[in-house]
Amino acid sequence: MFIIDMFREKAEQQLRDIGVDARIEESKEGFGDFTLPCFQLAKLMKKSPTLIAKELQDKLKSSEYFEKIEAVGPYLNFYISQSKLAEMTLSAVLNGSLFSFEKKEKIILEHTSANPTGPIHVGRARNPIIGDTMARILRAYGHDVEVHYFVNDAGKQVATLLWGIRNLPVAQQYDKCDHVFVRNYQEASKLAQEDKKVDNDIRELMKAYESGDPELTEFAKEKIKCMLSGIMESLEKLNIHIDSFVWESSLISFAKELANKLEEYVEEEDGAYYINLRKIGANLQKDKFFLYRKDGTTLYFLRDIAYHVKKSESARYLIDVMGEDHKLHFSALKEVLNLITEELKLRALFYSFVSLPEGKMSTRAGTVVYLDDLIDEGYKKALSIIRERGYEEQDMKKIAKAVSVSAIRFSMLNVQEEKPIIFRWDKALSFEGESAPFIMYTYARASSILRKAGWNGSYKPSFLQHISEYRLIKLISKYPNIINKAADSLSPYVIAKYTYELAMQFNQFYRDCPVLNAEPELKNARLALVTAFKSTMQNLMHILGFNIIEKM
RNA sequence: GGGCGCGUGGCCUAGCCAGGACAUGGCGGCAGCCUCCUAAGCUGCAAGUCGCGGGUUCGAAUCCCGCCGCGCCCGCCA
């Protein structure tokens, strides 16, 4: 059981011992640690809540776990024993048990899966950042996570890309494929809209490709790999790593087999085939989900079903990270999978879009900020700030890189996933206040103290009496609860908020409690706390995908 | 038109699922703090009809109903 829950349980036990069976809540700042509002009891006992609180206070004694139990108006407040909490928390951190969770399930988490038709832009970047962080959270919580990227090399978009590369001049301004071929893709899709013949050519190309034309397959493979490596290069800069790429084209024959198995639910319209979800009892805003075009080529819905069935063969728990535009698709997918697979846990982490102040991001309209450019700008900005502080050249580069990468990740993680984000340069690259550099700076302060102190490892927790010490300890003790919450609710932002809060609390401690100049016993106790903070922070920064640096 | 989500000081944001004590923090603004462990930090001040209107409740930012605004979706695209 997590430390803080143990204290809660002890408080509830003390209440049960005097015949009160109630759930206590966490207090607001300044009212102890736990509280029992007595309004409900007042109704039952037909007495005023204030009187009840007072009576309960008189019956309860302070204990090993609670140093004070006090009635304030209609509330009964419990104050945790500071030395007990300090003792338990510090030892849990220092022996590592605070950070270790029991082994859990095998999970396949899919994120990004961006079409390999152009560079990742800021609008899309929320997906890999959320997805990668979610994977790190689940791992920290004890799950065995495999991260997937579903490569769309089978749809119309890709046929358009291939047509564009074959039939239009290839620019040479960039060295990365994604920045080069995106122009061909843009131009090709524009032409396809204007010219029926181009559209037809692209459809023919798609048909030939799907039927397995060897020369075309080879060409496509090569180009898509190059696009993908450009995308991955961008993602790796942000410490985002994919374990496994699954190519859609490899699933086409399997997808067709599956479609046959679903025969009884499939209907035909003008030569195209769809699955009728009403027939399987689903109640969505749409019943017809098409599996095949009338030319016999497969559609994304069918291929995605096939992909999920494949995944379910190696993991019983699947998580998809995707934009809110996929909600209907996902609901339908889930309905179909219920027919085919048993005991599959399939969950989605949806996020809202990132737009620009002037509106939606659109590659074609040119209203787009590429991730590569954001990373470059961040690096430049960080470097210019550091230059004024006089570091060695190689340290400066390392710090600038760490700061920019972490700041970009944090700015995408620090908002609830379902809230839309309007991208602003100054906010995405904010280095002050609620930001990654603030967190990193705080960590560096702790590192600096420990570097100078040379602690021998002994400490007596009872020396930690200051309110700022206590608040820091209490926050550290909640680490497992926070990981638990983020993992179960699939909410990376919970970790971002907690990490920020922890850093903030350390800064209070830093201001109020000098470490190096303290009396020996107190100094040792504080060094234990600083060490505990640093370890906790290290875990959190790793989960957030920051570059961890000791000095800045 | 229907479905899903969002609406909290000038701007951004937490709390909402599991209703309770003065609504969390940041940015920006104003006023301060480096003979003392890193000032990317810290302190103080100004600034809020928690979109609007009803309801439930001893008590509503939180739950319910209705409305308004914004986003996304309702493709033989992915």
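What you see is a predicted model, and the numbers here were worked out from it, not measured in a lab. Below, chains carry the letters A, B, ... as their sequence lines are ordered, and counting in each starts from 1.
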Using distance alone, with no hydrogens and no angle criterion, decide if [X] and [Y] have a side-chain donor and acceptor under 3.5 Å apart.
X	Y	value
A:Asn115	A:Thr117	no
A:Tyr459	A:Glu521	no
A:Asp153	A:Ser249	yes

Going by an N to O cut-off under 4.0 Å, is there a salt bridge joining A:Asp5 and A:Lys478? no
Under 4.0 Å, counting only non-hydrogen atoms across every strand here, what does [X] touch: a base, just sugar-phosphate, or nothing?
X	value
A:Thr35	base
A:Tyr274	nothing
A:Cys38	nothing
A:Asp153	nothing
A:Ile386	base

Whether the side chain of A:Asn507 and the base of B:rA39 hold a donor-acceptor pair under 3.5 Å is what I'd like checked.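 Under the 3.5 Å cut-off, the side chain and the base do not form any donor-acceptor pair.
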So, does the side chain of A:Arg389 form a donor-acceptor pair with the base of B:rA40 at under 3.5 Å? yes
What is the distance from CE of A:Met440 to C1' of B:rG41, rounded to the nearest Å? 16 Å
Determine, for A:Phe353 and A:Lys360, whether the Lys NZ or Arg CZ falls below 6.0 Å from the six-membered ring centre while staying within 45 degrees of the axis.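 Cation-pi check for A:Lys360 and A:Phe353: fails.
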Paired nucleotide for [N] [Watson-Crick or G-U wobble; both distances under 3.5 Å]:
N	answer
B:rG41	B:rC33
B:rA78	none
B:rU49	none
B:rU62	none

Classify the ring geometry between A:Phe423 and A:Trp425 as parallel (under 30°), tilted (30 to 60°) or perpendicular (over 60°).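 Correct class here is perpendicular.
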Syn or anti conformation of B:rC34, syn meaning chi within 90° of 0: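 B:rC34: syn glycosidic orientation.
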With A:Glu248 as reference, evaluate A:Lys310, A:Arg303, A:Lys156 under the salt bridge (charged side-chain N to carboxylate O under 4.0 Å, His left out) test and give the passing residue. A:Arg303
Would you indicate, yes or no, if [N] has its OP1 or OP2 atom less than 4.0 angstrom from a side-chain nitrogen or oxygen of [X]?
X	N	result
A:Arg511	B:rU43	yes
A:Arg445	B:rA39	yes
A:Gln416	B:rG15	yes

Distance, C1' atom - from B:rG3 to B:rG48, rounded to whole angstrom: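 33 Å, rounded to whole Å.
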Using the C1' atom as the point on both nucleotides, what is the distance between B:rG10 and B:rG29, in whole Å? 10 Å
Do [X] and [Y] make a side-chain contact, defined as non-hydrogen atoms from C-beta onward lying under 4.5 Å apart?
X	Y	answer
A:Phe410	A:Tyr500	yes
A:Glu267	A:Lys279	yes
A:Asn77	A:Tyr79	yes

On RNA chain B, does the nearest nucleotide to A:Leu76 precede the nearest nucleotide to A:Ala503 from the 5' side, or the other way round? Give the residue.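 Per heavy-atom nearest nucleotide, the more 5' residue is A:Leu76.
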Given A:Asn283 and A:Arg278, is the side-chain hydrogen bond (donor to acceptor under 3.5 Å, both in side chains) satisfied, shown in steps? CA-CA 7 Å; A:Asn283 184 23; A:Arg278 184 170 302 183; over 6 Å; no
Can you give one letter per nucleotide of nucleotides 70-78 of chain B, going 5' to 3': B for a protein heavy atom under 4.0 Å from the base, S for sugar-phosphate only, - for none? -BSSSSBBB
State which residue, out of A:Phe330, A:Tyr274, A:Phe289, A:Phe290, fulfils the ring-ring contact (aromatic ring centres under 6.0 Å, His included) condition with A:Phe301. A:Phe289
With A:Ser447, which of A:Lys452, A:Lys551, A:Glu550 fulfils side-chain hydrogen bond (donor to acceptor under 3.5 Å, both in side chains)?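 Checked A:Lys452, A:Lys551, A:Glu550 against A:Ser447; only one passes side-chain hydrogen bond (donor to acceptor under 3.5 Å, both in side chains): A:Glu550.
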All N/O contacts under 3.5 Å from nucleotides 57-59 of chain B to the protein, with atom names and distances to one decimal?
none

Strictly under 3.5 Å: I want the nitrogen or oxygen pairs between protein and nucleotides 22-30 of chain B, one per line.
residue : atom : partner  : partner atom : Å
B:rG25  : O2'  : A:Tyr500 : OH           : 3.2
B:rG26  : O4'  : A:Glu434 : OE1          : 3.3
B:rG26  : O2'  : A:Glu434 : N            : 3.2

